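Just below is one structure, and these are the notes that go with it.
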Amino acid sequence: MRSVLIALVAGFLSLLPVSVRAQTDVPPRVTQGLDAYRSGSVEAAADAWFAGYMGDTYPEMKRSVRVRLRQFEHGTGPIKGYEYVGEVRLGPSTRRIFYTLLYRDFPAFARFDVYQAGGEWRVLGVIVDSNPAEVFPHEMLAPAG
């Protein structure tokens, strides 16, 4: 009986899209920043995403992300949450991870470019836009069928 249950669960999981299964593998730095942002702090989000190397070397990146997030808050109200959409692995150490940001009045779409160096994941860039076509790859926007 136990082996039948395990087989059923394994079969069900194999039917899930790869992007849903990969959600648990998102580098913590990405979700830490998203959680900080959802808690109400644009600054803490940018600090989490660009901690260490990127934030110190490229402070304009942190500034531009803070400005962009504040623009969305001004036009849409505060962020209420976020949803993982998927990712594209560009190699063993580089990924693009996609989220929908759930604001009070309408969503925005985010892309995080991440790189693993020395066992640590770094966020190289964050793009946020109200148009999913500006953030997501074409394949993600194509209807399933």
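These numbers were taken from a predicted model, which means no experiment stands behind them.
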Exercise for the section: Heavy atoms only: give me the nearest L124-M61 pair and the separation to one decimal. Expected result: O-CE, 2.5 Å
Practice task
Compare all side-chain heavy atoms of K80 with those of R104 and state whether any distance is below 4.5 angstrom.
Solution key: yes
Problem - Which residues share a side chain to side chain contact (heavy atoms under 4.5 Å, CB included) with P132, sequence neighbours left out - result: F109, F136, L141
Practice task
Please identify each residue that fulfils side chain to side chain contact (heavy atoms under 4.5 Å, CB included) with L34, with sequence neighbours left out.
Solution key: V30, W49, Y82, Y99, L101, F112
Exercise for the section: Would you indicate whether the side-chain heavy atoms of D25 and R95 approach each other to under 4.5 Å? Expected result: yes
Exercise for the section: Find out whether D129 and R68 are in side-chain contact, i.e. whether some heavy atom of one side chain is under 4.5 Å from a heavy atom of the other. Expected result: yes
Problem - Distance-minimising heavy-atom pair for F98 and V135 - result: CE2-O, 3.2 Å
Exercise for the section: Mind running side-chain contact (heavy atoms from CB on, under 4.5 Å) on D113 and R111 for me, showing each step along the way? Expected result: CA-CA 7 Å; D113 292 338; R111 182 182 88 199; 3.3 Å; yes
Exercise for the section: Could you tell me whether a side-chain N or O of R29 sits under 3.5 Å from a main-chain N or O of A51, the two making a donor and an acceptor? Expected result: yes
Handout entry: Shortest non-hydrogen contact between D105 and G75, atoms and distance
Key = OD2-O, 4.3 Å
Practice task
Check the hydrophobic clustering (I, L, V, M, F, W, Y; side-chain heavy atoms under 4.5 Å; chains of links allowed) and say if V128 and L102 are grouped together.
Solution key: no
Problem - Side chain proximity check, V65 to V67, heavy atoms < 4.5 angstrom - result: no
Problem - Residue pair L90 / R96, side-chain heavy-atom distance below 4.5 Å - result: yes
Handout entry: 4.5 Å side-chain heavy-atom contact, F72 and Y103
Key = yes
Exercise for the section: For S41 and Y37, indicate whether the former's side chain and the latter's backbone hold a donor-acceptor pair under 3.5 Å. Expected result: no
Practice task
With the side chain counted from C-beta on, respond yes when P27 and I97 share a heavy-atom pair under 4.5 Å apart, and no when they do not.
Solution key: yes
Exercise for the section: Check whether any side-chain heavy atom of Q116 sits under 4.5 Å from a side-chain heavy atom of E120, and report yes or no. Expected result: no
Exercise for the section: In plain terms, say whether E87 and R89 are close enough for a salt bridge, that is, a side-chain N and a carboxylate O under 4.0 Å apart. Expected result: yes
Practice task
Looking only at non-hydrogen atoms, find the nearest pair between G33 and A45 and report the distance.
Solution key: O-CB, 3.3 Å
Completion exercise
What one should report as the nearest heavy-atom pair of A117 and Y115 is CB-CE2, 3.5 Å
